[in-house]
Every structure is written in C-alpha cells, then in structure tokens.
2 protein chains.
Amino acid sequence: MSVTYRYPRPALAVDCVVFGLDEEDLKVLLIRRGVDPFAGRWALPGGFVRLEETLDEAARRELREEAGIEKVYLEQLYTFGAVDRDPRERVVSVTYYALVKLSEHRVRAATDAREAAWFAIDDLPKLAFDHETIVDKAITRLRGKVRYAPIGFELLPKKFTLTQLQRVYEKVLGYELDKRNFRKKVAATGLLVELDEVEQDVAHRAARLYTFDEKTYRKLEKEGFLFEI
Amino acid sequence: MSVTYRYPRPALAVDCVVFGLDEEDLKVLLIRRGVDPFAGRWALPGGFVRLEETLDEAARRELREEAGIEKVYLEQLYTFGAVDRDPRERVVSVTYYALVKLSEHRVRAATDAREAAWFAIDDLPKLAFDHETIVDKAITRLRGKVRYAPIGFELLPKKFTLTQLQRVYEKVLGYELDKRNFRKKVAATGLLVELDEVEQDVAHRAARLYTFDEKTYRKLEKEGFLFEI
DNA sequence: TGACGTGGTGTCGATTCGACACTAAGGTTC
DNA sequence: GAACCTTAGTGTCGAATCGACACCACGTCA
C-alpha cells in the first residue's frame with residue numbers, strides 16, 4: 001500500500017499548541033516522544049494530515065488521539081516550512097493553537113502509552129524539531145488576540161468570577177491590571193451577564209458568577225462591533 | 001522521474017494575493033489560467049512548492065516567474081486545506097499577501113504567454129478554485145494590519161506626500177479620514193522624515209515629500225513600541 | 001466577636017479623540 | 001498680469017477615554 005506521484009512533495013503535518021490556565025500559570029500541553037528523531041524529548045501534539053480530512057479536522061483528530069481533548073477553541077496559527085525542520089525528510093507543518101478549560105479538561109495523562117503533561121510557558125523543557133519557535137509564535141498571537149477578541153473566556157469554565165477573568169488576562173499578557181479599571185472595561189462591553197449565583201466553597205466572601213453572552217456577541221460582531229479590553 | 005511514498009500526501013502549493021495602489025483604487029494582481037481546470041478564468045499567481053525551497057521562497061519564485069515581481073513586502077496569510085478545493089486532487093495551499101509599489105512595478109503584462117492584470121478589489125471577476133475566499137481573507141488581514149503596523153508605506157514610492165499616504169489608508173480601510181487629524185497622528189509617530197524636496201509636475205501647489213524612517217522604527221519595534229494610526 | 005481575606009465600588013486629572021474651516025502656494029487661463 | 005483653480009498646510013475646543021488610586025462589605029474561621 002504505497003503511492004506514486006509524478007513529482008516529489010513534502011509531507012504535510014499539523015501541530016497544536018494547547019493553552020490551559022490553572023491556579024498558577026498559563027500552561028502548554030506537551031507530549032513526550034517515544035521514537036526517533038528526538039526520542040524522549042517533549043513535543044507538541046501533532047501528526048500527518050490524511051487525504052480525506054481538512055487541516056482543522058486533522059488538528060482536532062490529533063488532539064483527540066494524543067491528549068483526549070475535544071471541543072476546544074481552535075485556530076490556525078502559521079505554517080512552518082523550513083527545508084530542514086525535520087531531519088528525516090521535508091515536512092511542512094500547519095500549526096494551530098487551542099484554548100482549553102483546564103478545570104474541565106483534566107488532561108488524560110499517559111494516553112496511548114504516551115506521556116502528556118502541562119508546562120508553564122516560562123518554564124518549558126527543550127522541545128523537539130522547531131517546536132520552540134512554534135510555541136513562541138503562539139504566545140505572541142495569543143497575547144495580541146486576547147486584547148481585541150473575546151477568547152479569554154475559552155480558558156475559563158462557563159461560569160466565572162470577574163477576578164478569575166482578570167487573572168486570565170494577567171497571565172496571558174504577563175503583567176498586572178487594575179481591578180477597578182478592568183471591571184469598568186468588561187462591564188462596558190455589555191457582554192457579561194451577571195448570574196444569580198456566587199462561587200462555592202471559598203474561605204472568604206463568595207464572588208458573583210458571570211457568563212459570557214456569546215449569542216449577543218456574534219450578532220454585534222457581524223455588525224462590525226469590536227471587542228476590546 | 002517519479003516518486004513513491006508509503007502513504008498518500010496532499011500536493012502543496014503557494015498562492016499570492018498581490019496588492020497595488022494606483023490613482024484610483026486598491027488593486028489585486030490576477031493571472032489568466034491557460035489550462036484546465038478553470039481554463040480562461042482569472043486566478044491568483046501561485047504554484048507548487050519544491051522540495052528544496054521554503055514556503056516563502058516558493059511564493060517569491062512564483063511571483064517572479066508569473067508576474068516579474070521581485071523584492072516586495074511578503075507575509076504569510078493562511079493555509080487553505082478544504083478537501084475538494086482543487087477538482088483534480090487534494091491540494092493544500094499556503095497563501096501569502098504581497099504589497100507592491102505599483103508606480104515602480106508596472107507589472108510585466110502577458111508574461112510567459114500568460115495574461116496578467118490588475119483588478120480593483122471591489123470589481124473582481126469570478127476567480128478559479130477558492131481564490132475569492134483567499135482574496136477576502138487577505139483584504140481583511142490587510143485592513144487589520146495597516147492600523148498597527150507600518151505597512152502602508154510598502155504601497156508607496158520611497159518618497160511620498162502626506163496626501164498620498166492618507167490615500168493609502170483611505171483606500172485600504174475603505175473610508176475617508178480627516179486630513180488634519182491624520183497628519184497629527186502620523187507626525188506623532190515621529191517616524192516620518194521631512195525631506196527638502198517637493199513633488200514635481202503637478203498643476204497646483206507642490207506638496208512636501210516625506211520618507212519613512214525604517215531604521216528608527218526597527219529599533220523602537222524591538223523595545224516594544226507599537227506603531228498605530 | 002474579632003481578625004482575616006477577598007469582593008466590590010467612584011472620582012478626578014490627564015490624555016486622546018474627533019469635528020471642524022480658512023489661508024498659502026503654485027500653475028493655468030484669459 | 002489678474003483672476004481663478006486646485007491642492008497644501010495648519011489649530012482649537014469640547015467630549016470621551018484613560019489610568020491612578022483607597023476604602024468598606026461580606027463571609028469564614030478561630
């Protein structure tokens with residue numbers, strides 16, 4: 001079962017930078033490689049694109065197969081095509097970044113006999129291939145995009161407190177924000193709905209829960225509205 | 001001369017959306033296809049990626065071969081991978097957009113026996129493949145990027161008047177700007193240098209020429225400075 | 001019941017923003 | 001050369017936005 005083509009062509013892969021936020025840090029999901037090249041090294045989840053699937057489908061399939069992750073925010077990042085980025089042969093990689101709700105996606109560890117783990121973005125191990133470059137690009141993109149698109153919510157559970165939301169922005173952007181100004185701004189978007197609920201099981205005054213009004217946002221977006229924080 | 005692989009793989013192409021600005025409009029460069037599929041239709045310049053070249057190199061090569069265009073601003077746009085986007089077989093296309101100084105790049109017409117022409121972006125003919133989608137995406141990206149990156153200059157000659165620069169922004173963004181406010185803003189960037197020259201051969205008061213201080217910009221950029229209009 | 005920890009709220013000065021109209025200069029025409 | 005045509009070039013002011021900043025509220029726990 002092999003195929004023959006008139007001209008040589010690169011192999012085509014997808015790789016995913018999966019971001020998650022826990023109590024401490026913004027983290028990236030890595031998989032430990034079992035085989036050469038780079039056996040034992042940590043790498044991004046990914047694999048080769050099949051003929052009958054789109055690139056997005058390939059990315060989602062790899063996330064499912066390698067990390068048990070489904071139904072996440074996924075967006076194409078960049079396509080890397082240096083000639084020697086894979087020592088075996090020419091491989092072009094279409095990369096994606098994904099945002100997952102870590103609280104709901106306690107990742108399946110050691111799936112398929114492969115080891116998977118989360119690493120804080122400023123404490124990454126040495127990565128296989130050019131995956132460090134890819135992670136850098138993903139962080140830059142995430143930082144840029146979080147300012148003018150409502151993707152911060154993808155890192156939180158459906159119901160969240162304003163303090164949690166502020167933490168998302170602070171961890172992603174890498175600097176602290178003023179609480180009152182932050183609350184003013186998110187309130188000004190008009191896209192947070194205040195719930196009749198407060199958080200549970202905390203050893204202090206419980207904070208009000210909010211949820212993101214995605215329906216209204218989609219409407220406004222079509223009318224040219226720009227979300228900005 | 002053919003090759004055999006263990007598993008099937010998509011063909012990999014690059015396609016370029018080349019923008020140019022003339023006296024009237026923002027335009028896109030198209031090539032008329034000579035062969036099926038879509039023979040006779042207009043399409044983006046592009047072609048297949050060779051094993052020994054990077055994606056950027058492939059894009060530049062195609063621009064050179066198909067339109068005689070060299071040394072332009074070029075940036076990767078998106079990778080399109082719908083399964084049936086090419087009726088012949090699975091082709092994944094890494095797309096780029098380019099900005100050219102139309103005044104200096106009077107495009108080589110009918111090169112390689114191929115017909116090439118500029119079309120105003122809101123008067124495009126029907127395009128081959130999914131190239132309309134690609135052009136749409138390129139316009140969206142250009143509109144977003146021109147606001148916070150100094151790429152407008154790429155559409156103008158080295159020396160330009162402030163009115164010309166304003167026209168670039170107006171044509172790209174699709175709406176008019178206030179002359180005084182615009183001049184205040186560009187002056188505030190501190191990145192335009194006033195030359196001791198005025199434009200020539202105009203039938204009215206000649207405007208002062210300016211040039212973009214790219215060196216200073218590169219320095220500031222590294223320090224985290226954000227260009228904004 | 002008091003201490004602790006986080007939740008939640010408003011003001012003010014500085015800055016930025018957008019709206020807005022006239023004179024200057026150079027070439028063309030009669 | 002006078003009138004005219006066309007584009008160049010320039011400043012103000014009110015509105016909106018921004019960032020800096022501090023205290024009381026509420027629930028838990030000892």
Side-chain angles (χ1 to χ4, degrees), chain A residues 21-24 103 146-148 152 156-157 159-171 173-212 224-229, chain B residues 21-24 103 146-148 152 156-157 159-171 173-212 224-229:
Chain A
L21 189 74
D22 67 8
E23 289 65 39
E24 288 90 41
S103 49
V146 81
R147 299 291 305 282
Y148 60 90
L156 289 177
K159 301 171 177 181
F160 50 85
T161 69
L162 294 182
T163 301
Q164 289 176 322
L165 185 61
Q166 185 175 344
R167 268 182 37 76
V168 168
Y169 279 83
E170 289 178 339
K171 290 298 177 184
L173 295 173
Y175 51 83
E176 301 202 336
L177 300 169
D178 177 84
K179 180 161 67 161
R180 278 176 291 190
N181 291 338
F182 179 80
R183 285 167 184 239
K184 255 187 291 178
K185 272 200 196 169
V186 298
T189 66
L191 290 171
L192 288 199
V193 296
E194 188 174 327
L195 301 176
D196 273 337
E197 265 178 276
V198 294
E199 58 181 340
Q200 301 297 320
D201 304 317
V202 285
H204 52 79
R205 173 175 176 184
R208 162 99 13 160
L209 291 175
Y210 288 80
T211 194
F212 175 62
F225 166 84
L226 234 192
F227 179 92
E228 258 185 289
I229 290 288
Chain B
L21 189 75
D22 66 9
E23 289 66 37
E24 288 91 41
S103 49
V146 80
R147 299 290 305 283
Y148 61 91
L156 290 177
K159 301 170 178 182
F160 50 84
T161 69
L162 294 183
T163 300
Q164 288 176 322
L165 185 61
Q166 185 176 343
R167 267 183 36 77
V168 168
Y169 280 83
E170 288 178 340
K171 291 297 177 184
L173 294 174
Y175 51 85
E176 301 202 336
L177 300 169
D178 177 85
K179 180 159 68 161
R180 279 176 291 189
N181 292 338
F182 179 80
R183 284 168 185 238
K184 255 187 289 178
K185 272 200 198 169
V186 299
T189 66
L191 289 171
L192 288 198
V193 297
E194 188 174 326
L195 302 175
D196 273 337
E197 267 179 276
V198 293
E199 57 181 341
Q200 301 296 320
D201 303 316
V202 284
H204 53 79
R205 175 176 174 183
R208 162 93 21 155
L209 291 175
Y210 288 79
T211 194
F212 175 61
F225 166 84
L226 235 192
F227 179 92
E228 260 184 289
I229 289 290

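So that the names make sense, note that chain A is the first sequence line, chain B the second, and so on, each numbered from 1.
- Across the protein-nucleic acid pair, A/His204 atom NE2 and C/dG8 atom C1' stand 13 Å apart, rounded to whole Å.
- B/Leu173 is listed as a side-chain neighbour of B/Arg147, based on a closest heavy-atom distance under 4.5 Å.
- Protein chain B contacts DNA chain D from D/dT6 to D/dT12, reading 5' to 3' and using non-hydrogen atoms of the protein with a distance under 4.0 Å.
- If A/Asn181 and A/Val202 are placed on DNA chain D by their nearest nucleotide, the residue sitting closer to the 5' end is A/Asn181.
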> Where each pair must be Watson-Crick or G-U wobble with both distances under 3.5 Å, what dot-bracket representation of DNA chain D is obtained, with crossing pairs in [ ] and other-strand partners as |?
Replying inline: |||||||||||||.|||.||||||||||||

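- Looking at heavy atoms from C-beta onward, A/Thr161 lies out of side-chain contact with A/Tyr210 at the 4.5 angstrom threshold.
- If A/Thr163 and B/Arg180 are placed on DNA chain C by their nearest nucleotide, the residue sitting closer to the 5' end is A/Thr163.
- Within the 4.5 Å cutoff, side-chain heavy atoms of B/Val168 are placed close to those of B/Leu156.
- Note: B/Phe182 and B/Tyr169 meet the aromatic proximity criterion, with ring centroids under 6.0 Å apart.
- In this entry the distance linking CD1 of B/Ile229 with P of C/dG18 reads 12 Å, nearest Å.
- Across the protein-nucleic acid pair, B/Lys179 atom NZ and C/dG18 atom P stand 18 Å apart, rounded to whole Å.
- Summarising the geometry, the separation between NZ on B/Lys185 and C1' on C/dT15 is reported as 14 Å, rounded to the nearest angstrom.
- For the pair B/Ala203 and B/Asp178, nearest-nucleotide mapping onto DNA chain D gives the more 5' position to B/Ala203.
- In this structure, B/Leu195 and B/Lys159 have side chains that are in contact, with non-hydrogen atoms separated by less than 4.5 Å.
- Between B/Val146 and B/Ile229, every side-chain heavy-atom pair lies at or beyond the 4.5 Å cut-off.
- Across all strands shown, B/Thr161 has no heavy atoms under 4.0 Å from either base or sugar-phosphate atoms.
- Within the 4.5 Å cutoff, the side chain of B/Leu191 has heavy atoms near those of the B/Phe225 side chain.
- Among the atoms of the strands shown, base atoms are found under 4.0 Å from some heavy atom of A/Arg183.
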